[in-house]
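Each residue takes its place number in the sequence, starting with 1.
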Amino acid sequence: MKRIIFSMLVLLTAGWNAAAMNHADSGENLSSGSLLWLRLETVSTPAAITGVKGTAMTELQTYWKGGPVTLKRQKGLSPEAYTIKSQDGKTVIAAGGDAGLLYGAYHLLRLQQTGQPIGTLDISEQPFFDLRILNHWDNPNGTVERGFAGRSIFLSPDPVRMKIYGRANASVGINGTVLNNVNAKPEALSAESLQKAKSIADQLRPYGIRVYLSINFASPIRLGGLETADPLNAQVIGWWKDKVNEIYRLIPDFGGFLVKANSEGEPGPQDFGRSHADGANMLAAALRPHKGIVMWRAFVYAPQSSDRANQAYEEFMPLDGQFADNVIIQVKNGPVDFQPREPYSPQFTAMQHTPMMVEFQLTQEYLGAANHLVYLAPMWQEFFSLVKPASLKAMAGVANIGDDANWCGHHFAQANWYAFGRQAWNPSLSPKEIAAEWLAQTFSLSSTAANSQRSALSAQMLQVMLDSREACVSYMMPLGLHHIFAGNHHYGPEPWYSPRGVRKDWTPPYYHRADSVGLGFDRTLTGSANVRQYPEALCRLYNDISTCPENLITWFHHVPWDYRMKSGRTFWDELCHKYDEGLRQARHFLAVWDALQPYVDSQRFDEVQRKLRIQARDAEWWRDACLLYFQTFSRRPIPQDMEHPVHNLDEMMKFRIPITNYENPESGYTK
């Protein structure tokens, strides 16, 4: 792997003449980022591509610069599996179906883009997960919930945009997309909406992508005019069967439904005295004749006094084994809500008789929106280090995609879309290998400087990506802190936010529990007993403060301010140093990028630089606000061997970022 990454870095620093490249079909230029990592030069003389005709052949005829390629079907391979072999002076891609041929073609083009040898190939690939699905939280009016890259690409689907979207997903093996928000409107199943879904499905089908829809469980009432949505009611069952048949007449390869039920006010079977299994199985029965599936989300919690982190487990464990075989329970990677760091959701190891899929979040709802460079593959690798991929059926990712020219609001946020697809295809791929692939395909630096200098700078940017998630944790919520964000949005810090009338589990003090003794949520056996939901070995590990991983210590323990950490520092001093370390890393990221100015096109350089400046500013905001606030409880001085806060607490408590700016946070916060 080291040799592969080195080769990618060599390509990354080799340079090319962007102006000479032909991308007229995109309607955009390379500097806009609109082509994502698919910055392929159209060949003037197509190579000899023979065999099975289709999208795979078209892509190779358009972009392949090598010798002859043969595409063929091969018995014994699943539809998405493929082999690539060098035989008698040509390259042979064999697959069980069109999707496999397409994935094989993109693999070959990726080798070309990343400068890998292609003369003696012997590759065999098949996806680890059968379902690799993006969840779009797009609304009928074009807004995107937790979206930071503009409006929905599905509002008025542009054929050129849909083609790039399809190619990008296929190039990393993503084979499904949920078109609308999990907080679904009943109109998602209206005749007009289904016609639009059909149009999108027709455009994405050549790229091996099936479409899915999020549904509102009360649709039989709100759309169908029935008096109930009780999943055991015969009229309701008939309504859903008819609706499913209508969908499949329009979209024969429709994938199925994603359902958020009885969560955050959304309707569900519990409204009618029924269980999650009753609701999911009713929908599954309607979809079964068409081989469709139900992805039933386990993100549930109620406004009650018990630990929010316990509730999904408590609600779903009694139902283990009661779901139909075409139901998959979709569980967020952590037990609370996409925090910068969480332990894994204990449902993954507890529910032994129910198909499950993990839901990651590409859109950086809790990680600086589209302003902060935070590469998420290390977070997902951390999850897979404890939850073995073999225990899961599928992988879903909440998309970070909008109609901005660069798709994701931040040029480096594209890497999370790319990494999601690559890890869903093969969870054993390392974050470093994936980042090197993406950099080599996305950034080619000008050749105006010595190779050694360019190589050193590109290697530093690779390291920036690998360090970025841990840096974000450090300057936001280190040592297991979580959910201490500003009220009404999740962008900046407000650990003090606790107005009257607001649910306690929607306020930071519920989670950090700072007092004169210490900081953190006691989830031990003598606290909320959340540790009991984990396997025995982890329960013992997390329950003992001396063995609990320090990066989760305040998640599971109320830690005394003077508790001695492994560094030898007190807990208070360690907390201070972590915040300061995160800030220093954010500033370092900006310095590394600044040094790349001579080698990156001016538009992308300026846009990334502006984001990194915001990130460094925000990191200072986080450090000052959190340390000054927690200091009112610890009554201890800021250590002398670190930079002290540059603001006062009363200043920090006046900072506000309007919700309209949160959707586009680079406009800044206000007083």
Side-chain angles (χ1 to χ4, degrees), residues 263 298-318 331-351 358 366 379 382-383 385-387 473-474 476-485 490 495 497-498 503-566 571-572 574-575 578 626 630 633-634:
S263 173
F299 180 62
V300 295
Y301 66 99
Q304 58 194 50
S305 59
S306 69
D307 183 357
R308 172 172 161 180
N310 287 348
Q311 292 184 40
Y313 177 102
E314 293 170 347
E315 196 160 315
F316 274 82
M317 270 304 295
V331 183
K332 292 184 179 184
N333 59 285
V336 172
D337 192 11
F338 297 133
Q339 297 301 289
R341 171 164 279 121
E342 295 186 62
Y344 74 85
S345 173
Q347 290 176 263
F348 289 112
T349 46
M351 297 183 71
V358 61
Y366 294 99
M379 175 192 287
E382 185 176 288
F383 170 85
S385 71
L386 291 173
V387 179
V473 171
S474 293
M476 284 188 178
M477 287 168 287
L479 302 175
L481 285 173
H482 53 290
H483 231 311
I484 59 174
F485 296 91
H490 298 149
Y497 176 76
S498 186
R503 286 174 46 167
K504 290 186 181 299
D505 60 348
W506 287 354
T507 69
Y510 174 89
Y511 297 97
H512 67 65
R513 311 214 165 186
D515 58 22
S516 61
V517 175
L519 180 68
F521 199 123
D522 182 1
R523 292 189 167 103
T524 67
L525 294 174
T526 56
S528 75
N530 173 258
V531 293
R532 187 177 286 127
Q533 297 182 351
Y534 291 89
E536 184 179 352
L538 282 178
C539 176
R540 290 197 305 269
L541 184 79
Y542 294 151
N543 191 65
D544 186 339
I545 194 171
S546 68
T547 60
C548 182
E550 289 188 345
N551 61 12
L552 292 172
I553 196 167
T554 66
W555 185 284
F556 289 110
H557 294 270
H558 191 72
V559 185
W561 297 115
D562 288 328
Y563 177 77
R564 192 64 59 180
M565 304 291 282
K566 291 181 174 64
F571 169 68
W572 167 249
E574 186 78 0
L575 183 71
K578 282 291 183 183
C626 293
F630 290 135
F633 297 94
S634 76

Worksheet item: Can you name the residues that form a salt bridge (Lys or Arg N to Asp or Glu O under 4.0 Å) with Asp562, not counting sequence neighbours?
Response: Arg636
Worksheet entry | Separation between OH of Tyr511 and CE of Met477, rounded to the nearest 0.5 Å | 11.5 Å
Worksheet entry | For the student: nearest non-hydrogen atoms of Ala350 and Met317, plus distance | CB-SD, 3.6 Å
Fill in: Closest contact, heavy atoms only, Ser498 versus Pro509
CB-CG, 3.9 Å
Worksheet entry | Centroid-centroid under 6.0 Å between His483 and His490 rings | yes
Practice prompt. For Phe630 and Pro495, work out which heavy atoms get closest and say how close.
Written response: CZ-CB, 4.2 Å
Worksheet entry | Heavy-atom side-chain contact between Leu519 and Leu481 under 4.5 Å | yes
Worksheet entry | Residue list, side-chain contact (heavy atoms from CB on, under 4.5 Å) with Ser385, at least two apart or on another chain | none
Fill in: Any donor-acceptor pair under 3.5 Å from His512 side chain to Ile484 backbone
no
Worksheet item: Listed by chain and number, what are the salt bridge (Lys or Arg N to Asp or Glu O under 4.0 Å) partners of Glu315, not counting sequence neighbours?
Response: none
Discussion item. Could you measure the distance from the OG1 atom of Thr547 to the CG atom of Leu541? Nearest 0.5 Å is fine.
Written reply: 4.5 Å
Worksheet item: Is the closest side-chain heavy-atom distance between Pro560 and Phe571 below 4.5 Å?
Response: no
Discussion item. I'd like to check the side-chain hydrogen bond (donor to acceptor under 3.5 Å, both in side chains) partners of Lys332; sequence neighbours left out, ordered by chain and number.
Written reply: Asp337
Discussion item. For Arg503, give me all partners under salt bridge (Lys or Arg N to Asp or Glu O under 4.0 Å), at least two apart in sequence or on another chain.
Written reply: Asp505
Worksheet, complete the sentence: OG of Ser516 to CH2 of Trp561, rounded to nearest 0.5 Å, is 9.5 Å
Practice prompt. State yes or no: are the ring centers of His557 and Tyr563 separated by less than 6.0 Å?
Written response: no
Item to complete: Carefully, step by step, assess Phe338 and Asn333 under the rule side-chain contact (heavy atoms from CB on, under 4.5 Å).
Response: CA-CA 7 Å; Phe338 297 133; Asn333 59 285; 3.6 Å; yes
Fill in: Any residue meeting side-chain hydrogen bond (donor to acceptor under 3.5 Å, both in side chains) with Arg523, in chain and number order, not counting sequence neighbours
Asp307, His482
Fill in: Sequence-distant partners of Pro343, side-chain contact (heavy atoms from CB on, under 4.5 Å), two or more places apart
Pro335, Tyr534, Leu552, Trp555, Phe556
Fill in: Atom pair CZ/OG of Arg341 and Ser474 - distance to nearest 0.5 Å
8.0 Å
Item to complete: Quick one: which residue pairs count as a salt bridge (charged side-chain N to carboxylate O under 4.0 Å, His left out) with a foot in residues 537-560, not counting sequence neighbours?
Response: Glu536-Arg540, Glu550-Lys566
Discussion item. Taking salt bridge (charged side-chain N to carboxylate O under 4.0 Å, His left out) as the cut-off, I'd like each qualifying pair that reaches into residues 509-521, sequence neighbours left out, listed once.
Written reply: none
Discussion item. Check whether His558 reaches the backbone of Phe521 with its side chain - one donor and one acceptor, N or O, closer than 3.5 Å.
Written reply: no
Worksheet entry | With sequence neighbours excluded, residues passing side-chain contact (heavy atoms from CB on, under 4.5 Å) with Gln347 | Ala298, Ala312, Tyr313, Phe316, Val331, Ser345, Met351, Met356
Worksheet, complete the sentence: Rounding to 0.5 Å, atoms CG (Asn543) and CZ (Arg532) come to a distance of 9.0 Å
Response to the item:
Sequence neighbours excluded, the answer for side-chain hydrogen bond (donor to acceptor under 3.5 Å, both in side chains) partners of Thr349 is Tyr344
Fill in: Residues that Pro318 engages under side-chain contact (heavy atoms from CB on, under 4.5 Å), provided they are two or more places apart
none
Worksheet entry | Contact summary for Met379 and Pro340, nearest pair of heavy atoms | CE-O, 3.3 Å
Worksheet item: Looking only at heavy atoms, which two atoms of Leu525 and Cys539 are closest? And how far apart?
Response: CD2-SG, 4.3 Å
Worksheet item: Does any non-hydrogen side-chain atom of Tyr497 lie less than 4.5 Å from one of Trp506?
Response: no
Discussion item. Which heavy atom of Phe299 sits nearest to which heavy atom of Val336, and what is that distance?
Written reply: CE1-O, 3.3 Å
Worksheet entry | Point-to-point distance, once rounded to the nearest 0.5 Å, from CG of Asn530 to CD of Glu314 | 9.0 Å
